[in-house]
Amino acid sequence: MSVTIESREIVQPSPKPRRRKKDYIQPSPYSFSKGMSRGNIFTRLSLVIFGLGNIAHRQFVKGAIFLAIEVGFIYFMAAQGSAKIGALIRLEGTGQTKTKVNGFWVYQAGQPSVVILLYGISTIVLCLAFLVVAWVAVRSAYKAQVLAAENDGRAPNFMQDMRSLTNVNIQTLLMSLPTAGIAVFTVLPLVFMITMAFTSYDSNHVTRFGWVGLQNFAKVFGSGAGDVNIQLFMSVLAWTLVWAFFATFLNYFLGMFMAMIIERKGTRLKGFWRACFSMSIAVPQFVSLLVMNTMLQPSGAINRLLQQWGWIDSALPFFTDATWARVTVIVINLWVGIPYTIMQVTGILQNIPGELYEAARLDGANSWQLFRNVTMPYMFFVMTPYLITTFTANVNNFNVIYLLSNGDPTPVGASAGKTDLLITWLYKLTVDKSNYNLGAVIGILTFIVLAVVSLVAYRSSGSYKNEEGFQ
């Protein structure tokens, strides 16, 4: 009897792709914790007397700089800093004062609450910077101790440290100024804006205002009457996200389509077409938008021309009907934004590896399959960070909305129009109505929305998951 054994192919499950390991960064051997645990008495006392450890190891210039910073900070806090922080806690502006000089009364204006708020926040930021200097002082003292032990009691002098900053530690020197600029011109105004959301700084309290806690947030998320409520906020937020989506992806796809037409082998005068789009970018945007605003008015050139041709009987409601206004700003933004996309996409199209197209053609791919399986994946992989940045910029696209439609149409009594974005609504609340506290709340909520959308989109993209290359 014969036995037949049927052979079957054993299919091994495909291994799961390994997640890319993060680059390992070796911790500094001169950390603050090591300095406090392993340092000598001079290193530990450097937390109290800045520069003491450096001076003990003959780094006199560096030690003197640390000590001068500490003395200057203590003097400032004793003379003004503590008073500014105390005034910040109370946050009550001083009224008008009068003094008698040579028999005449001299009146002096009081200090507004906004000045007290700014000075108090700046003082707190200065205190945080002082803590950072204390942390650096201990690390520097411990580094001097270790290097002195390794070099027969001689730590690097000031000139050697300066040469190190221009050679081995050049990244520290180059990043210090941008970091300081971000702290002064970005972080400090952001903190100032956030704190303003917890005050009563509005049109009724311009000079003197105080802390109100979460009352402004309750107004934004409440349903009561006023300049801001939850219904109006959700309406503006929904339109802002819809606008940002269409303004980003319509510009991207139509701009890419135009760039691909220009890059075709059969297209003539490629340089001419690129120059035409470049010239449109060179025209100041605010000029173009103001001209379009004038042309689209009920008595503007476009409505007059269409009526003369007999195509319409009455003026088209470009900025008087909500739907018409929203479609209008999206279409005008295409005309404004597509040239930028063409200029950026053209360079990427020219750098797509030709081997990818050759391999796809050998497999029998047609033009649509080449676009869907080669061009689009490559473009999305390269331009995902750009798309996220563009989406963020469109959420904050003040120029197009304010100069083109000014947020119109605006219902009677409403603080925001049907085409207002969060950023233009914030502008109207602060500049036009002087409700700085409610504007600060809108600014905080805008930041939260943008941060969540940007982080989720970026972490879900191939540019983040596979930074090593296109596959």
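In what follows, residues are counted from 1 in the order of the sequence shown. All values below were derived from every heavy atom in this structure, side-chain atoms included, with hydrogens, water molecules and symmetry-related copies excluded.
Residues Leu237 and Phe233 have side chains in contact (heavy-atom distance under 4.5 Å, counting atoms from C-beta outward). When side chains are defined from C-beta on, Asn157 does not count as touching Gln59, because their heavy atoms never get closer than 4.5 Å. For the pair Ser415 and Lys428, the minimum side-chain heavy-atom distance is 4.5 Å or more. Contact annotation: the side chain of Leu445 approaches that of Val220 to within less than 4.5 Å [non-hydrogen atoms, C-beta and beyond]. Ile182 is listed as a side-chain neighbour of Val187, based on a closest heavy-atom distance under 4.5 Å. Residues Ile442 and Leu438 form no side-chain contact, since every pair of their non-hydrogen atoms from C-beta on lies 4.5 Å or further apart. Put simply, the side chain of Met193 reaches to within 4.5 Å of the side chain of Ile444, judged on heavy atoms.
Between the side chains of Gln297 and Asn293, at least one donor N or O lies within less than 3.5 Å of an accepting N or O.
Ring geometry for Phe198 versus Phe217: interplanar angle of 30 to 60°, hence tilted.
A donor-acceptor pair is defined here as one N or O able to donate and one able to accept, closer than 3.5 Å; such a pair exists between the side chain of Arg44 and the backbone of Ser37. Checking side-chain atoms of Asn169 against main-chain N and O of Thr172 turns up no donor-acceptor pair under 3.5 Å.
A salt bridge does not link Lys418 with Asp408: none of the charged nitrogens is closer than 4.0 Å to a carboxylate oxygen.
Cation-pi geometry between Arg139 and Trp135 is met: under 6.0 angstrom from the ring centre, within 45 degrees of the axis. Both cation-pi conditions hold for Arg326 and Trp239: the charged atom is under 6.0 angstrom from the six-membered ring centre and inside a 45 degree cone around its axis.
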| said: Before you tell me yes or no, could you show the steps for Asn435 and Thr430 under side-chain hydrogen bond (donor to acceptor under 3.5 Å, both in side chains), namely the whole-Å CA-CA distance, both residues' side-chain angles and the distance that decides it to 0.1 Å? | reply: CA-CA 5 Å; Asn435 290 328; Thr430 54; over 6 Å; no
